[in-house]
Amino acid sequence: MHRTLADDLARLPELLRSAHDLAAKELAGLAERPVAQPGAAPPAVPLPVAGTGGAGALTRFAQRWAPGFSGSAGPRYLGFVTGGATPASVAGDWLTSAYDQNVSGAAGSWAAALEHETVGWLRELFGLGAAHTGAFVTGATVSNTVGLAVGREWLGERLGVDVSRAGVAALGPVDVLSGSPHSSVGKALSVLGIGRDQLRPVPLLEGNREAVDVRALDAALTALGGRPALVVANAGTVNTVDFDDLRAVAALKERHDFWLHVDAAFGAFAALSPAHAPLVAGLDAADSVCVDLHKWLNVPYDAAIQFTRRRDLQVAVFHNASPYLGLPTAEPDFLHLTPENSRRLRALPAWFSLQAYGRDGHREIVERNVTLARALGERLDSAPELTLLAPVRLNVVCFTSATGASPERMAALASAVTASGEAFLTPTVYRGTPALRAAFSNWSTTEADVKRVAAAVTRAARA
C-alpha cells in the first residue's frame with residue numbers, strides 16, 4: 001500500500017474529526033457568510049506528484065477553495081429552487097460515503113431494501129398509490145427523462161413497435177403537448193431522440209396564469225385524430241408555482257390516448273400541507289411523476305425520485321442484460337430501472353430526514369416557506385420601485401422593476417443583490433417581462449431572513 005495512503009488509514013479517525021471540525025465551523029457560520037461568492041477563483045495548479053496526505057489536502061482545500069464556496073445551503077440563497085440539507089440528512093449523507101454501498105443490485109446488502117422502504121415512504125408522502133413504483137435518480141432532469149422514456153416505450157406499445165430494440169425512428173413523429181414545460185423537458189426530448197421541436201405548446205388559462213387551458217388541450221388532442229401522444233402536466237411552474245388541473249387533465253384520457261407525465265419537481269410537496277394539497281389532487285392518476293428531493297425535502301445534492309405505473313415498460317427501456325449483472329426478475333434490481341448501473345445510495349440521506357422529522361416536520365418546512373414567501377412578496381410589492389408579476393401562490397416570489405424592466409436593469413439588480421452578500425436570486429422572463437425570482441425551499445429560512453432579503457433588494461432597486 002502507498003505509504004501516504006497507509007498513513008491516512010492509520011490516522012483515519014483524526015482525519016475524519018478534522019473534516020468534522022471544518023464542516024461544523026462552516027455550517028455554524030452559514031447564516032452570516034456571504035450568500036454568493038462572485039469573485040475570481042484561484043488559478044489552477046499542477047497535479048501533485050507525491051501528494052500531501054488527507055490532512056494536507058484538507059488544509060489546502062480550507063485555504064484555497066472553501067472561502068469561495070457559496071452559501072447555497074443557507075437560508076437566504078433563494079436562487080433556482082434550492083433546498084438546504086437538514087442535520088439528519090447530512091449525517092445520512094456522510095454515512096452513505098462511509099458505507100459506500102454498491103446498490104446496482106440487491107445481492108449481498110440490505111441497501112436496496114432500504115431504498116425500497118424510502119420509495120414507499122415518499123409515495124405515501126405525495127399521496128400516490130401502490131400501483132406507482134419508483135427509484136432514486138440524480139435530479140429532476142433525469143427524473144423527467146426516465147418518465148418520458150417510459151412514455152416513449154408506451155407509444156411503441158400502442159403502435160406495435162418495440163422502441164427499445166427498433167429505436168425511436170420506428171415511431172415516426174411523436175407529439176408532446178404541454179402548457180408551461182420546464183426547460184428540462186426539452187432536454188429530455190433531445191436525449192431520447194424525440195426532438196425538442198416535437199414539444200408543442202398548448203394555450204394557458206387567461207388571467208396571468210401558467211396553468212394549461214384544459215379545453216385547449218382537449219382540442220389539441222382531438223386534432224391528433226386518435227394518434228397516441230405524450231402529455232406533460234405541470235405541478236408547480238418555476239416562475240409562479242402554478243398548477244395544471246391534474247384531475248381535469250387525467251379525465252381527458254376517457255376520450256384520448258395519451259401518456260400523462262407530471263413534472264412535480266417541487267410542487268409535489270404541496271401534498272404535505274392540508275391547505276395546499278388540493279393543488280396536487282389527481283397526481284395519483286399520472287402514468288409517471290417527477291419529484292426532486294434536493295429541493296423541498298432538503299437532502300444534499302444530488303437526489304430525486306421518479307415514479308411510474310408501468311414498471312414493465314421501464315424495465316424494457318433500462319434493463320442491462322449481462323450474465324454478471326443478472327436478468328430482471330419480478331422485483332428488478334434498480335440498475336434495470338434507471339440510466340445508471342453504478343448508483344450511490346441516495347436513499348439514505350432521505351431515509352434519515354424522513355425518519356428524523358417525519359411527515360409533520362417536513363410539513364412544517366413547507367408551510368413555513370410558503371408563509372415566508374408571501375411575507376417577502378408583500379414587502380417587495382409595497383416598495384414603489386418594485387412590483388409583483390404574479391400572486392405568490394406557494395413558495396416563489398416573481399417580481400420586477402416598476403420603473404423599467406429591461407434585461408440590463410434586472411441583471412444589474414441581481415448583481416447588486418449578490419454583491420451585497422445578503423441574498424442570491426436568479427433571473428427569469430415572465431410573459432415577456434424580465435424579472436427576478438426568489439424561491440423559498442430551505443428548512444432554515446426565518447422571518448429575520450425575509451427582512452434582510454427585502455432590505456437588500458429594495459436598497460439595490462433604489463440605487
Side-chain angles (χ1 to χ4, degrees), residues 1-30 33 37 40-73 84-115 118 135-139 142 293-294 299-304 320 322-326 333-335 338-353 355-356:
M1 182 182 293
H2 187 276
R3 181 179 58 82
T4 307
L5 183 57
D7 290 344
D8 273 356
L9 178 61
R11 292 195 290 264
L12 182 59
E14 179 183 344
L15 177 60
L16 292 179
R17 280 193 296 271
S18 297
H20 161 271
D21 291 344
L22 176 61
K25 175 185 174 184
E26 293 292 330
L27 291 175
L30 188 59
R33 71 182 296 172
Q37 299 284 1
V45 298
L47 171 70
V49 176
T52 60
L58 191 62
T59 299
R60 296 289 178 86
F61 168 75
Q63 292 173 345
R64 293 189 65 227
W65 294 110
F69 275 32
S70 77
S72 58
T86 59
S89 71
V90 170
D93 196 58
W94 283 26
L95 289 174
T96 298
S97 295
Y99 279 101
D100 197 25
Q101 297 291 281
N102 181 346
V103 287
S104 297
S109 172
W110 293 357
L114 181 143
E115 181 165 344
T118 311
F136 276 72
V137 291
T138 57
V142 174
L293 302 178
H294 51 235
V299 297
Y301 280 94
D302 53 25
N320 194 324
S322 168
Y324 81 95
L325 294 173
D333 285 334
F334 285 112
L335 72 91
T338 74
E340 299 171 299
N341 275 6
S342 301
R343 306 172 71 250
R344 177 175 171 82
L345 184 55
R346 298 184 185 94
L348 188 54
W351 185 94
F352 260 77
S353 205
Q355 177 67 51

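Along the sequence shown, the residues carry numbers beginning at 1. No experiment lies behind these values; they were computed from the predicted model shown.
- Residues V299 and S89 approach most closely at CA-OG, 3.8 Å, considering heavy atoms.
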What verdict does the side-chain contact (heavy atoms from CB on, under 4.5 Å) test give for R33 and E26, after you've listed the backbone C-alpha separation in whole Å, the side-chain angles of each residue and the deciding distance to 0.1 Å? CA-CA 9 Å; R33 71 182 296 172; E26 293 292 330; 2.8 Å; yes

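- With hydrogens and angles disregarded, no donor-acceptor distance shorter than 3.5 Å links the side chain of T4 to the backbone of G53.
- A salt bridge between D7 and R3 is present, with a side-chain N of the basic residue lying under 4.0 Å from a carboxylate O of the acidic one.
- Using a 4.5 Å heavy-atom threshold, the side chains of R64 and V45 count as touching.
- Residues D8 and E14 fail the side-chain proximity criterion, which asks for heavy atoms closer than 4.5 Å.
- For the residue pair F334 and A112, the shortest heavy atom distance occurs at CE1-O, 3.7 Å.
- We find the NE2-CG distance between H20 and L27 to be 9.5 Å, quoted to the nearest 0.5 Å.
- Put simply, the side chain of E340 reaches to within 4.5 Å of the side chain of T138, judged on heavy atoms.
- For the pair L293/F136, a side-chain contact is recorded, criterion being any heavy-atom separation below 4.5 Å from C-beta on.
- P349 and T96 get closest at one heavy-atom pair: CD-OG1, 3.5 Å.
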Please evaluate residues Q37 and S70 with respect to the criterion side chain to side chain donor-acceptor pair (under 3.5 Å), reporting the C-alpha separation (whole Å), side-chain torsions for both, the decisive distance (0.1 Å), and the verdict. CA-CA 6 Å; Q37 299 284 1; S70 77; over 6 Å; no

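- In this structure, the side chains of V90 and T86 stay at 4.5 Å or more apart for every pair of heavy atoms.
- Taking both residues in full, the closest heavy atoms of A62 and P67 are given as O-CD, 3.4 Å, listed atom of the first, atom of the second, then distance.
- Considering only heavy atoms from C-beta on, L114 comes within 4.5 Å of L348 through its side chain.
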L22 vs L58, test: side-chain contact (heavy atoms from CB on, under 4.5 Å). Steps then yes/no. CA-CA 9 Å; L22 176 61; L58 191 62; 3.8 Å; yes

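- Atom OH of Y99 has 12 or fewer neighbouring heavy atoms from other residues, nucleotides or ligands inside a 6.0 Å radius.
- Ion pairing between a basic and an acidic side chain is recognised when a charged N comes within 4.0 Å of a carboxylate O; E115 and R346 show no such pairing.
- Closest heavy-atom contact between A55 and L15: N-CD1, 3.8 Å.
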Going through the distances and angles, do N102 and S104 end up as a side chain to side chain donor-acceptor pair (under 3.5 Å)? CA-CA 6 Å; N102 181 346; S104 297; 3.0 Å; yes

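- A distance of 4.5 Å separates CG of N341 from CG of N320, quoted to the nearest 0.5 Å.
- Taking the side chain as every heavy atom from C-beta outward, F352 and W94 never approach each other to under 4.5 Å.
- Within a 6.0 Å sphere centred on CZ of R60, heavy atoms belonging to other residues, nucleotides or ligands number 12 at most.
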Go through the steps to decide whether L16 and L12 satisfy the test side-chain contact (heavy atoms from CB on, under 4.5 Å), and finish with yes or no. CA-CA 6 Å; L16 292 179; L12 182 59; 4.0 Å; yes

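- The shortest heavy-atom contact between W65 and F69 is O-CD1, 3.2 Å.
- Under a 3.5 Å cut-off, the side chain of S353 and the backbone N or O of A350 do not form any donor-acceptor pair.
- Rounded to the nearest 0.5 Å, atoms CH2 (W351) and CG (L95) are 10.5 Å apart.
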Evaluate the salt bridge (Lys or Arg N to Asp or Glu O under 4.0 Å) criterion for residues R343 and D333: first the C-alpha distance (whole Å), next the side-chain angles of each, then the deciding distance (0.1 Å), finally the verdict. CA-CA 11 Å; R343 306 172 71 250; D333 285 334; over 6 Å; no

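- No donor-acceptor distance shorter than 3.5 angstrom exists from the side chain of H294 to the backbone of P300, with no hydrogens or angles considered.
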